[in-house]
Participant: 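I am attaching a structure below and will ask some questions about it afterwards.
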Amino acid sequence: MNFVEELRWRGLLHDIMPGTEEELAKGMVAGYIGFDPTADSLHVGSLLQIITLVRFQQAGHKPVALVGGATGMVGDPSGKSQERNLLSEEILHHNLKGIQAQLERFLDFDRGANSAEIVNNYDWFKSFTFLDFIRDVGKHITVNYMMAKDSVKKRLESEVGMSFTEFSYQLVQGYDFYYLWKHKNCVLQMGGSDQWGNIVTGTELIRRKDGGQAFAITSPLIKKSDGTKFGKTEGGNVWLDANKTSPYQFYQFWLSASDDDAANYIRIFTFFDQQEIEGFIAEHSKVPHQRNLQKILAKDITERVHGVKALETALKTTDFLFGSGSLDFLRSLTDNEVFNVFEGIPQFEISRPDFVNGYDALTLLADKTSIFPSKGEARKMIVGGGVSLNREKLGDVDKVFTVLDLINNQFLVAQKGKKNYFLIVVK
RNA sequence: GGGGGGAUUCCAGAGCGGUCAAAUGGGACGGACUGUAAAUCCGUUACUUCGGUUUCGAAGGUUCGAAUCCUUCUCCCCCCA
């Protein structure tokens, strides 16, 4: 199955430029996807693009991952209703390093002719002067053409307007495509559907400047079946960096997907083939309460992103918190084993001397730890029946916790809602 | 340059001198039900030592009392030139 067919059955083909499929069928081509250094880690949203590059490579083509050292300095207005703040150079540099390290884990850099490559557009923009740019690049694209883009049109119609900087973004990204086409024979750019306009500016530049031809493929925006944004949890973005989103939280993110979403995600984010996936879905529909589809999905992605060891810990933690795990089980563990089970769960430390007289629940939850942002909020949720300590529902706001309540003379397990656990350690 | 309208709690959007911590809807969070699903129903949604305390673009003022009236300022929108 070729690359485009693969994307098609997985539901990952939003738009494709005519002739792209034929071009790919001729033999190995190089194609690229750009990654914005807006944070020092990629998140599950960008995971789709990473995996697309991997599929591209598996189909025998050469994947190029571009990190936006230059474009990151400008800021992509696509999909943004407001002018963005510029990132400082230190932050940008830090972010670039983080993202590059993540990309390196997924792609194969030792695969002969179609080895992956990572490039940074700062390398060809750093010595490109403004005057040279507007003469060599700007001259080929009309403002009329640029204004017709959705990302620009929307902002021109809105109250906030748009700076010249962001207006010029599509030209900068367009030149990236031109540069890679010219110097690395890269004829295809891929990306999310919001990138179509930017990508086409690139192919247009290639055509007008050198009479060349280049191609584009975009993927649809991933949404949850209820229409809300994909990749968000209560805590915010789901990151690929284990320090920002622990492997346990990452695993939980996929595991808690709804049936519809899981069936969708497994096609998008895993490498199982069509037959396997149809099998999983069919099995799942027979025994949906076992959540096997979610388990396969969560296991596969967590392992690919964080590795087997991290997956095992996440499974262990999940098993304890959502399975049959009792406090007795915890008591039977050594301190190190407890920490292992709770790896990836937010933890708070309280000093032992301060704890001698114990704390009432509110102080404990809102003051000594930041499980709740204020006592008022903690009180409300306790009254609403949403808080458990040591797996027992907390009915009394004034209940005092002392050394006697500590598990292994050291731990308290707090629970906010059904799924949010915290470990309090008295040291 | 002239004229008009607006800025309200996470968002949208009521309120137009006391009964307003502020309607309603959305979102978010929590509970029940369940399968860590979906749907549904219910609750919460400024802080608090639960006495109160600080909120309605900013700063002053009128009043016993202001989100509501007055003054100045900042920002936004619309119409005319």
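Each chain gets a letter, A, B and so on, in the order the sequences are listed, and its residues count up from 1.
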Participant: Taking the ring centre of each residue, are A/Phe253 and A/Phe250 less than 6.0 Å apart?
Facilitator: no
Participant: Any non-hydrogen side-chain atom of A/Ile301 less than 4.5 Å from a side-chain atom of A/Tyr265?
Facilitator: no
Participant: Take the protein atom CZ of A/Arg379 and the nucleotide atom C1' of B/C50, then report the distance between them rounded to whole Å.
Facilitator: 6 Å
Participant: Using purine N1 to pyrimidine N3 plus N6-O4 or O6-N4 for Watson-Crick, or N1-O2 and O6-N3 for G-U wobble, both under 3.5 Å, which nucleotide pairs with B/C75?
Facilitator: B/G6
Participant: P atom, B/C11 versus B/U49: distance in rounded Å?
Facilitator: 26 Å
Participant: What N/O pairs connect the protein and nucleotides 45-47 of chain B at under 3.5 Å? Give each pair on its own line.
Facilitator:
residue: B/C47; atom: OP2; partner: A/Lys380; partner atom: NZ; Å: 3.4

Participant: Strictly by Watson-Crick or wobble contacts shorter than 3.5 Å, is anything paired with B/C56, and which nucleotide is it?
Facilitator: none
Participant: What integer number of Å spans the C1' atoms of B/C10 and B/C29?
Facilitator: 12 Å
Participant: Suppose we call two aromatic rings close when their centres sit under 6.0 Å apart. Are A/Tyr248 and A/Phe342 close by that rule?
Facilitator: no
Participant: For a quick test of reading the model, state the closest non-hydrogen atom pair linking A/Val356 to A/Val403 and the distance between them.
Facilitator: O-CG2, 4.4 Å
Participant: Decide, for B/G51, between syn and anti: a glycosidic angle within 90° of 0 counts as syn, anything else as anti.
Facilitator: syn
Participant: With both distances kept under 3.5 Å, what pairs with B/G1, Watson-Crick or G-U wobble?
Facilitator: B/C80
Participant: Is A/Lys316 salt-bridged to A/Glu312, cutoff N-O under 4.0 Å?
Facilitator: no
Participant: Please report the shortest heavy-atom distance between A/Ala262 and A/Ala257, naming the atom on each side.
Facilitator: N-CB, 4.2 Å
Participant: How far, in whole Å, is B/A66 from B/U55 if one measures between their C1' atoms?
Facilitator: 13 Å
Participant: For A/Thr363 and A/Asp360, test the side chains for any donor-to-acceptor distance below 3.5 angstrom and give the result as yes or no.
Facilitator: yes
Participant: What string of B, S and - do you get for nucleotides 30-39 of chain B, 5' to 3', when a contact is any protein heavy atom under 4.0 Å?
Facilitator: SSSBBBBSS-
Participant: Find every protein N or O atom lying less than 3.5 Å from an N or O atom of nucleotides 52-55 of chain B, and list the pairs.
Facilitator:
none

Participant: Taking the six-membered ring of A/Tyr251 as reference, does the NZ or CZ atom of A/Arg304 fall below 6.0 Å from its centre and within a 45° cone about the axis?
Facilitator: no
Participant: With rounding to whole Å, what would you report as the distance between B/A22 and B/U44 at their P atoms?
Facilitator: 12 Å
Participant: In this structure, is the centre-to-centre distance between the rings of A/Phe401 and A/Phe355 below 6.0 Å?
Facilitator: no
Participant: Answer yes or no: is there an ion pair linking A/Glu204 with A/Arg207, defined by an N-O contact shorter than 4.0 Å?
Facilitator: yes
Participant: Taking the same atom, C1', in B/C75 and in B/G57, what whole-Å distance lies between them?
Facilitator: 8 Å
Participant: Side chains of A/Thr233 and A/Gln252, heavy atoms from C-beta outward: is any pair under 4.5 Å?
Facilitator: no
Participant: Should B/G27 form a Watson-Crick or G-U wobble pair with both distances under 3.5 Å, which nucleotide is its partner?
Facilitator: B/U45
Participant: Is there a Watson-Crick or G-U wobble partner for B/A32 with both distances under 3.5 Å, and which nucleotide is it?
Facilitator: B/U40
Participant: Could you check which nucleotide pairs with B/G65 in any of the strands shown, counting Watson-Crick or G-U wobble with both distances under 3.5 Å?
Facilitator: none
Participant: Report yes if the distance between the aromatic ring centroids of A/Phe269 and A/Phe230 is under 6.0 Å, otherwise no.
Facilitator: yes
